[in-house]
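Below is one structure, written out as structure tokens; the observations come after it.
All of these numbers come straight from a predicted model, not from anything done at the bench. Per chain, numbering begins at 1; letters A, B, ... match sequence-line order.
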Amino acid sequence: MALTLPPNDEQELLTRAQALSGLTLGEIARKAGIQVPKNLNKEKGWIGLLLEHVLGASAGSKPEPDFPSLGIELKSLPINYSGKPLETTFVCVAPLVGLTGVIWENSHLKNKLARVLWVPVISEREIPIAERIVATPFIWSPNIEEEQQLAQDWQELTDMIVLGKVEQITGKHGDILQLRPKAANSSVKTKAFNHKGEPFLTLPRGFYLKTVFTQRLIHQHLRVE
DNA sequence: ATATGATCATGC
DNA sequence: GCATGATCATAT
């Protein structure tokens with residue numbers, strides 16, 4: 001596959017992303033010389049990786065933004081024909097230890113969501129992967145209200161973790177943010193502390209944005225233009 | 001095991 | 001129907 005140079009500034013990135021609007025994933029992949037899988041069962045991150053590639057994001061799984069010089073994170077967002085998100089959005093792994101001194105302002109979650117290029121893709125499961133269409137990408141930062149909601153949910157979930165109640169947390173906790181398993185399978189374990197302060201092994205968890213939140217982002221950016 | 005990229009699929 | 005819990009691939 002051909003090399004795509006990273007964008008020089010935010011506007012170039014946005015222009016590049018919006019040039020994908022209306023194109024099918026098959027068209028985009030063909031230009032990039034990438035094979036389209038029949039389904040995503042074994043390549044769940046394929047769409048995100050394709051978009052990273054064609055937009056010139058830095059490769060690999062380094063713990064930094066997709067566009068380091070711009071401080072921008074790329075997120076693909078599967079939506080239905082009505083613009084409703086079909087999945088929650090994974091943000092980052094939730095630390096279960098070492099939370100002493102961590103506050104919202106210096107949290108990994110806040111940092112991750114500081115500036116995001118959202119690329120919605122009409123991705124209903126009945127549509128073959130190659131025929132799914134990119135909608136209108138947009139760049140977003142949380143406004144005051146959104147940040148307050150994120151901070152509140154993050155604090156609630158983090159408090160429970162600190163109190164050793166991680167295994168009592170379900171996907172129902174949080175209004176717009178949730179904590180759910182994030183692992184290859186249920187045998188994967190990571191260290192946490194129980195309510196007595198004793199270490200034990202548990203399933204790794206990740207922070208996910210609920211669809212009610214991402215749906216609002218979509219609507220903001222459909223209404224205003 | 002942890003980071004990246006997420007969606008699958010079953011229970012409700 | 002849809003959200004929660006479970007899972008898949010790859011790189012380090």
If you look only at distance, which donor and acceptor atoms sit under 3.5 Å apart when one is on a side chain in residues 159-172 of chain A and the other is two or more places apart or in another chain?
unit_1	atom_1	unit_2	atom_2	d
A:Asp159	OD1	A:Gln155	NE2	2.9
A:Glu167	OE2	A:Thr202	OG1	2.9
A:Thr170	OG1	A:Lys172	N	3.1

Would you indicate which nucleotide in [options] comes nearest to any side-chain atom of [X]?
| X | options | value |
| --- | --- | --- |
| A:Leu203 | B:dC8, C:dA6, B:dG5 | C:dA6 |
| A:Arg180 | C:dC2, C:dT4, B:dA1 | C:dT4 |
| A:Tyr208 | C:dT7, B:dC8, C:dA9 | C:dT7 |
| A:Val188 | B:dT2, C:dT7, B:dA3 | B:dT2 |
| A:Thr211 | C:dT7, B:dT4, C:dA3 | C:dA3 |
| A:Thr190 | B:dT7, B:dT2, B:dA3 | B:dT2 |

Establish, with yes or no, whether the OP1 or OP2 oxygen of [N] is under 4.0 angstrom from a side-chain nitrogen or oxygen of [X].
| X | N | answer |
| --- | --- | --- |
| A:Gln178 | C:dT4 | yes |
| A:Lys182 | B:dT4 | no |
| A:Ser186 | C:dG5 | no |
| A:Lys44 | B:dG5 | no |

For A:Arg115, enumerate each residue passing the side chain to side chain contact (heavy atoms under 4.5 Å, CB included) test, keeping only those at least two apart in sequence or located in another chain.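 By the side chain to side chain contact (heavy atoms under 4.5 Å, CB included) rule, A:Arg115 matches A:Glu10, A:Ile72, A:Ile139, A:Ser141.
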
For residues A:Trp140 and A:Gln220, is any side-chain donor paired with an opposing acceptor at under 3.5 Å?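 Side chains of A:Trp140 and A:Gln220: no pair found under 3.5 Å.
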
A:Gln35, CD atom: more than 12 neighbouring heavy atoms under 6.0 Å: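 It does not: A:Gln35 CD has 12 such atoms or fewer within range.
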
Write down the distance between [atom1] ([X]) and [atom2] ([N]), rounded to a whole number of angstrom.
| X | N | atom1 | atom2 | value |
| --- | --- | --- | --- | --- |
| A:Leu86 | C:dC2 | CG | P | 9 Å |
| A:Glu64 | C:dA11 | CD | C1' | 14 Å |
| A:Lys189 | B:dT2 | NZ | C1' | 16 Å |
| A:Leu77 | B:dA6 | CG | P | 10 Å |

What does the list of N/O pairs under 3.5 Å between the protein and nucleotides 10-12 of chain B look like, with a distance for each?
none

Using five pairs at each end of the helix from B:dA1-C:dT12 to B:dC12-C:dG1 to define an axis, what is the angle between those two axes, to 10°?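 Axis-to-axis angle, ends of the helix: 30°.
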
Remaining members of hydrophobic cluster (4.5 Å side-chain criterion), A:Leu203: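 Besides A:Leu203, the hydrophobic cluster comprises nothing; the residue is isolated.
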
Strictly below 4.0 Å, heavy-atom distances to any atom of DNA chain C: list the hits from residues 94-114 of chain A, or just say none.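 Nucleic-acid contacts, sorted: none.
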
Go through A:Lys31 and A:Glu27 one step at a time and tell me if the salt bridge (charged side-chain N to carboxylate O under 4.0 Å, His left out) criterion holds. CA-CA 6 Å; A:Lys31 289 179 193 169; A:Glu27 292 169 331; over 6 Å; no

